[in-house]
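As the structure lists them, so they are numbered: ligands from 1, and atoms in each ligand from 1. When a residue number appears, it is its place in the shown sequence, counting from 1.
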Amino acid sequence: MKRIAMVLMLLPPLVGLYSKTLEIEVPKANIIGTPAPIKSMNLEPKAPRPKIEVPDGVTNVALGKPVTSSDDFPLFGELSFVTDGDKVAMEGNNVELYSGPQWVQIDLGKECDIYAIAVWHFMTQERVYFGVVVELSNDPDFRENVVAVYNNDIDNSSKRGKGESLQYVEANEGKVIVVNPPQKARYVRLYSNGNHANDKNHYVEVEVYGK
Ligand SMILES: [Ca+2]
């Protein structure tokens with residue numbers, strides 16, 4: 001039976017426990033073309049990035065790791081783009097997955113302690129992606145012992161349960177998800193269900209900070 005434990009997002013950031021502040025590089029902004037108007041009644045206000053304190057040795061453990069997906073044949077790009085370390089804001093730098101609910105999954109190779117996840121869906125336009133859910137597990141099929149660390153799926157469109165987080169606008173800053181308390185997992189799965197400009201799903205890069 002599937003068990004999903006929602007990590008309380010209202011817990012305070014990881015401050016005071018560790019000495020090192022996590023530095024996550026923000027790519028330079030590069031907005032191209034005319035943006036589609038954003039229509040969402042459920043947007044969170046833009047806020048500074050969370051300050052995340054982590055133990056020594058925490059790095060992006062997703063870098064170069066294998067990626068699988070619900071869409072084996074992306075419409076554009078390669079699944080490897082998700083973890084190739086390239087997050088320059090330029091056209092053609094993302095993998096495009098088919099319309100409707102889709103996921104990508106990163107195999108970290110072994111169980112890691114995970115402190116934060118950063119995701120960039122799209123960079124050259126401001127976008128709101130729908131049904132964004134991020135889950136961790138040691139089960140590659142995500143049936144057993146699944147922990148959801150982020151969920152803004154207000155209508156269960158990604159079929160992982162309704163989430164309480166608000167939708168957000170992203171471009172070059174992406175989205176940083178604090179995993180508090182830290183979680184142990186080998187696999188990271190990210191769901192989405194299209195975006196406000198079209199019904200496709202995109203990823204430029206996903207970083208998983210752990211050790
Ligand atoms: Ca990339």
Side-chain angles (χ1 to χ4, degrees), residues 22-33 35 49-50 52 54 58-110 112 114-136 140 142 149-150 152 158 167-179 185-211:
L22 186 61
E23 302 286 348
I24 300 177
E25 185 201 346
V26 179
K28 197 174 161 192
N30 182 22
I31 301 295
I32 298 171
R49 286 184 158 215
I52 307 170
V54 296
V58 167
T59 59
N60 174 20
V61 290
L63 183 62
K65 294 293 173 23
V67 179
T68 51
S69 175
S70 53
D71 181 359
D72 292 332
F73 301 100
L75 296 166
F76 181 84
E78 306 287 339
L79 292 174
S80 60
F81 288 6
V82 177
T83 56
D84 65 0
D86 182 350
K87 51 177 182 170
V88 175
M90 56 183 283
E91 286 184 327
N93 217 12
N94 59 271
V95 60
E96 180 176 79
L97 307 178
Y98 197 63
S99 56
Q102 302 289 349
W103 50 260
V104 295
Q105 180 170 318
I106 302 166
D107 179 0
L108 302 176
K110 60 184 178 184
C112 298
I114 297 171
Y115 294 82
I117 297 165
V119 54
W120 288 263
H121 285 100
F122 203 85
M123 285 189 180
T124 53
Q125 273 185 1
E126 289 196 325
R127 289 269 176 96
V128 176
Y129 280 80
F130 302 130
V132 176
V133 180
V134 180
E135 294 180 343
L136 309 177
F142 279 74
V149 295
Y150 185 83
N152 73 4
S158 290
Q167 294 175 346
Y168 62 92
V169 179
E170 66 170 286
N172 64 303
E173 294 197 348
K175 178 72 175 174
V176 175
I177 296 160
V178 183
V179 181
R186 171 171 172 174
Y187 301 97
V188 181
R189 188 181 278 198
L190 302 98
Y191 296 81
S192 63
N193 182 18
N195 66 89
H196 86 276
N198 57 59
D199 59 3
K200 303 300 190 297
N201 298 276
H202 306 91
Y203 291 88
V204 175
E205 192 74 15
V206 175
E207 297 174 343
V208 178
Y209 287 92
K211 59 185 287 187

For the residue pair Thr68 / Gln105, report whether a side-chain donor-acceptor contact shorter than 3.5 Å exists. no
So that I can check it, does any N, O or S atom in Val82 come closer than 3.0 Å to the Ca ion (ligand 1)? no
Fit a plane to each ring of His121 and Tyr168, take the angle between them on a 0 to 90° scale, and name the class: parallel (under 30°), tilted (30 to 60°) or perpendicular (over 60°). tilted
Could you pull out the atom name of the N/O/S atom in Asp84 that is nearest the Ca ion (ligand 1)? OD1
Nearest N/O/S atom of Asp86 with respect to the Ca ion (ligand 1), by atom name, please. O
Is a side-chain donor or acceptor of Asn30 paired with a backbone partner of Ile32 at a separation under 3.5 angstrom? no
Metal site the Ca ion (ligand 1): N/O/S of Trp120 inside 3.0 Å: no
Output yes when a side-chain donor or acceptor of Asn201 lies under 3.5 Å from a complementary backbone atom of Gly100, and no otherwise. yes
Distance only, no hydrogens: is a donor on one side chain within 3.5 Å (strictly under) of an acceptor on the other, for Arg127 and Tyr129? yes
How many degrees, to 10°, between Phe81 O and Glu205 OE1 as seen from the Ca ion (ligand 1)? 90°
